[in-house]
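Inspection log for the structure reproduced underneath, given as structure tokens.
Chain letters run A, B, ... following the sequence lines, proteins first, then strands; residues in each count from 1.
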Amino acid sequence: MNAAVMTNGTRDVSSPKNGVVAINGLTRRFGRGPAVLDRLDLTIAPGEFVALLGHSGSGKSTLLRTLAGLDPVHEGTVARPDSVSVVFQDGRLLPWKRVWENVVLGQAGADRRRRAIAMLEEVGLGHRVDAWPLTLSGGETQRAALARALVRRPVFLMLDEPFAALDALARLKMQRLVARLWARHGCAVLLVTHDVDEALMLADRAIVLDRGRIRTDITIALERPRHHADPGFIHLRGVLLDALGVHDD
Amino acid sequence: MPANVIPFASVPWHGRTVLRHVDAHALLRYVSPVILVLMWQGACSTGMVSTRQVASPVQVIMTGWGLLRDGTLGANLGVSLARAATGLAIAVVLGVGFALISGLSRLGEDIVDAPLQILRTLPALAMVPLFILWFGIGEIPKIALVALGATFPIYLNLHKGIRSIDPRLLEMARTLGLSRMQTIRDVILPGALPDLLVGLRFAVGMSWLMLVVAEQVNAESGIGHMMMEAQDFLRTDIIMVGLVIYGLLGLVSDQVVRLMERVFLSWRPVHQRGQGA
């Protein structure tokens, strides 16, 4: 399915040997500027939920775009499975296709509509199957985008700050939905986020990126469901905020 | 772009509301023309305007009815409509074809865009003498003139529409593994359709303009010819009938394109309708 993408400028992307995603020595610079990604190594295990944190300009987006096959690999190697899906911050539904057609966009088969409806029901959007995307709320748009990503049964799912534009309540609901969907589908996830609490609520592992290098890589060994008031949670939040250069007084 | 739209768009809309909105709007469009016609009749009836200079509306209607009954109007209208429709159809094929070539590939743009931009700056009507020399005085120069004038609005608008597709949607299509053909069919063409319809509206207006000129030069039939003949016999009423027909044709064809916009762009929220016109 992604063959077109892979031959299109990201020839170096191949299938990983161990782990679902394996990045070795990835360096990326624009023009003659400093390296946006600097000899980056990263392995993501099958089914692992990794949160990627970092300031604006730390290379988060570039890393995700490279993994998504949108940016070419010049130096280093990137191995990732064929079946990947991306959910962008802004949903990116086609306004001229109904919600269900957006979900199964580019998918063949006579049961397209049935599959779309089943997936939309799973993300709690069963009542907007035939709606036009521009009539959806921000939360509904992101649910539809999630449905579009998951209907392809990805082995690796990338979420690019998918809840950043949502209000606080919608964001909480979406986080719970993602946790549920991940438990059910079992795909590896890379969640790019600014929100330390979000990372700690959802991920197995949190990575902090700083000037193109992985500065911190911690395992979040907390029981699920997680709670903000848990001492382990508070401790890890301190560690991550510290890594991001935000210090508690 | 979608992010700005969503807060307004989250208000649900219903087909019926749209229809009512359209009805009121359509009625409003006809109020001021009706008043103008009434004032015109008044001026003629009171003798303020000589009916030799300008026929009164009632006279125009009677003449129009007479021309309709003896078949003159129908025959000429048929000829004019056929010319405009043929020319416009050619323009749509050419305009869409060129826009696809130059919109979908850089090489195509280099080859097609420059000559079209140069030709565009020529007033199409200045081609009349040349067209008559090339094609004689039959149907071909008239259709060619309509096609020439109407191609550019279609080309320019569709080309702009294809080039201004949201790049984020194209990226999304890549991450979904859509093929080039699928991307063109599902993302690029539907995204450029609003611009194509704007271009079509300009093209329709342009084709009537071209037709008027084409039919007043060396024509043996058509509304324009009917008017030129009337000029020889000082029949202002027949000239007026021709003007009314041209006006009605413009109005009706504009409404047809508006209707097409409503049908094909039903995905747009109500408040966005009619924008970019």
Problem - salt bridge (charged side-chain N to carboxylate O under 4.0 Å, His left out): pairs with one or both residues in residues 97-116 of chain B, sequence neighbours excluded - result: R106(B)-E109(B), E109(B)-R163(B)
Exercise for the section: Kindly state each residue pair satisfying salt bridge (charged side-chain N to carboxylate O under 4.0 Å, His left out) with at least one member in residues 175-199 of chain B, sequence neighbours excluded. Expected result: K97(A)-D186(B), K160(B)-D195(B)
Practice task
Please say whether more than 12 non-hydrogen atoms of neighbouring residues, nucleotides or ligands are located less than 6.0 Å from CE in M174(A).
Solution key: yes
Practice task
Please check if atom CD1 in I140(B) has more than 12 non-hydrogen atoms from other residues, nucleotides or ligands closer than 6.0 Å.
Solution key: no
Fill in the blank from the handout: Rounded to the nearest 0.5 angstrom, the CG-CE distance for D90(A) and M172(B) is 10.0 Å
Practice task
State the CZ-OG1 distance between R148(A) and T175(B), to the nearest 0.5 angstrom.
Solution key: 7.0 Å
Practice task
May I ask you to decide if R168(B)'s main-chain N or O and R92(A)'s side chain share a donor-acceptor pair within less than 3.5 Å?
Solution key: yes
Problem - Contacting region of E171(B) [heavy-atom separation from chain A under 4.5 Å] - result: both
Fill in the blank from the handout: Highest number of heavy-atom pairs under 4.5 Å with chain B among E140(A), M158(A), R65(A), E101(A) belongs to R65(A)
Completion exercise
Taking every heavy atom of W96(A) against every heavy atom of V187(B), the minimum-distance pair comes out as CZ2-O, 3.1 Å
Completion exercise
Heavy-atom nearest pair, P95(A) first then L169(B), reads CD-CD1, 4.3 Å
